[in-house]
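For reference, the structure discussed in these notes is given below.
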Amino acid sequence: MKVDAKQYFSKELLAWYQLVKRDLPWRKNRDPYRVWVSEIMLQQTRVDTVIPYYERFMAKFPTVRHLAEAPEEEVLKSWEGLGYYSRARNLQAGAREVVERYGGIVPDDKEAVASLKGVGPYTSGAIMSIAFNRPEPAVDGNVMRVLSRYFCLEDDIAKPSTRTGIEKLAVSLIPEGEAGDFNQALMELGALVCTPKSPVCLTCPVMEHCAGRLAGKETELPVKTKAKPPREELRAAVIVEGSGAHAGKVLVRRRPDKGLLAQMWEIPHLLVPEHGDDAALAEQLSRTLHEETGLLIRPKLALMDAEHVFSHIHWKMKIYAADLGAGSEDGAGSAESAECTSRLRGGEEMHPLWAAEAAAAYESGFGAPANAAGARTAEGGAETLPEPYSWIGRDDMERLTFPNLFIRVLNHYFDNR
DNA sequence: AATGCGGGGAG
DNA sequence: CTCCCAGCATT
């Protein structure tokens, strides 16, 4: 590629950007903290999705110090529904580091910024160029697509080595003193014109020298290996209705500190080998929850099915509604509970569909609970549930953080109760 | 180099 | 349906 084509590209792209750039909330000024928050939220997330989250987040945590001093649960709650929740924890960890080590001022220093939690090659380049106008590359999916097409590069952009190579190219394209605008222009072009499918080449400011298009390959590029399909997991979940002191509430638990959906709340569920038999699933749920909480639950209704696809796992869940039987801490007594028939419409009545053997095991209380909390009988049971379980009402959903999957399920339940 | 990590919009 | 989005951390 000739030097001419590179200079042409940078000059025309920059001029185009000044004309058409969108008025986005994080472009109001160059406050490094605002840029930082926006770039973290924008990781693997569309602009239109981010905007409302960004507005709420900046109103609630307007400065590095506000974020650093906030309770972690509030930060996670503000991220609810946005996905990739470790971003929220890492962002707050970074804010606390900036307060402790740099007095609350984001340092104008590449190594310092790059060392912050959750800040990788792209984000550090974006912060350094946009906030400080430093000539660093900010190569994301947009940039790899745009440059692959313009320079007709056929390297697989799924390979890390390809990104590294494109970073070197991207640096060489940055016009003197215009790193921030140029990098944003590159991404803006990828978002508005040089889109993944059916790029709008006729409106492209650099169409004339686009090698990919001149070769007729604009829709073939960039080359990218397909991702492996998510593995399927069948799960059985249950909404347990409290009674007595916990009437109107449901049983939830908090997920572990690390891993999938870390530290978020959910309704109890478990991995099962197959979905065939409602009675068998009900029995497994009942037995497992008894082991973990001491509660004796009685699944009554197949409430709904729910599917949720993560990038690497595909959950297929059957969700039951249950109440507490005799022998539970909150047990209202079998006679009373037995009269609680279908409170939910559209569901399928299943109690007492249990196999005789499972029902007998249930009636005998499954033996002693494995959990140290001990048996919870109507007379002498402990008042508190073992961690990480808890009873919550609908109002509590305002302060606890749930993945969208469970928000949908709980809303469906509370709406039709 | 591979894998884990959310959720949704567009075609 | 499929693709992929202003990616990063861990192994």
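No experiment lies behind these values; they were computed from the predicted model shown. Here is how names work: the chains are called A, B, and so on, in the same order as the sequence lines, proteins then strands, and each is numbered from 1.
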Integer angstrom distance from the [atom1] of [N] to that of [M]:
N: dC5(B); M: dC4(C); atom1: C1'; value: 15 Å
N: dG6(B); M: dT10(C); atom1: P; value: 14 Å
N: dG11(B); M: dA6(C); atom1: P; value: 13 Å

Starting at the 5' end of DNA chain C and moving along, which residue's nearest nucleotide shows up first, Ala227(A) or Tyr122(A)?
Ala227(A)

How far apart are the closest heavy atoms of Phe151(A) and Leu169(A), and which atoms are they?
CD1-CD2, 3.6 Å

Just checking Tyr33(A) against His66(A), ring centres under 6.0 Å apart?
no

Among [options], which nucleotide has an atom closest to any side-chain atom of [X]?
X: Val47(A); options: dA6(C), dC4(C), dG7(C); answer: dA6(C)
X: Tyr85(A); options: dG7(C), dC5(B), dG7(B); answer: dG7(B)
X: Glu188(A); options: dC5(C), dA6(C), dC8(C); answer: dA6(C)
X: Arg46(A); options: dG6(B), dG9(B), dT3(B); answer: dG9(B)
X: Ser311(A); options: dG6(B), dG7(B), dA6(C); answer: dG6(B)
X: Arg27(A); options: dA6(C), dC4(C), dG6(B); answer: dA6(C)
X: Asn142(A); options: dG6(B), dT2(C), dA6(C); answer: dA6(C)

Base, sugar-phosphate, or nothing for [X], non-hydrogen atoms under 4.0 angstrom?
X: Phe310(A); value: sugar-phosphate
X: Arg255(A); value: nothing
X: Arg145(A); value: sugar-phosphate
X: Thr45(A); value: base

Hey, is the side chain of [X] poking within less than 4.0 Å of OP1 or OP2 on [N], counting only N and O atoms?
X: Gln43(A); N: dG7(C); answer: no
X: Asn404(A); N: dG8(B); answer: yes
X: His312(A); N: dC5(B); answer: yes

Side chains of Ser78(A) and Lys60(A): any donor to acceptor distance under 3.5 Å?
no

Assess Arg89(A) against Tyr85(A): is NZ or CZ under 6.0 Å from the centre of the six-membered ring, and within 45 degrees of the ring's axis?
no

Length of the [atom1]-[atom2] vector between [X] and [N], whole Å:
X: Arg163(A); N: dC4(C); atom1: CZ; atom2: C1'; answer: 18 Å
X: Ile40(A); N: dC5(B); atom1: CD1; atom2: C1'; answer: 14 Å
X: Ile407(A); N: dG6(B); atom1: CD1; atom2: P; answer: 14 Å
X: Glu220(A); N: dC3(C); atom1: CD; atom2: C1'; answer: 15 Å

Contacts of Arg213(A) that satisfy salt bridge (Lys or Arg N to Asp or Glu O under 4.0 Å) - sequence neighbours left out:
none

Want to settle it: does Met264(A) or Lys197(A) sit nearer the 5' end of DNA chain B, counting the closest nucleotide to each?
Met264(A)

So which one's nearest nucleotide on DNA chain B is more toward 5', Ser161(A) or Pro403(A)?
Ser161(A)

One thing to verify: whether Glu80(A) and Lys77(A) come together as a salt bridge, which I'm taking to mean a side-chain N less than 4.0 angstrom from a carboxylate O.
yes

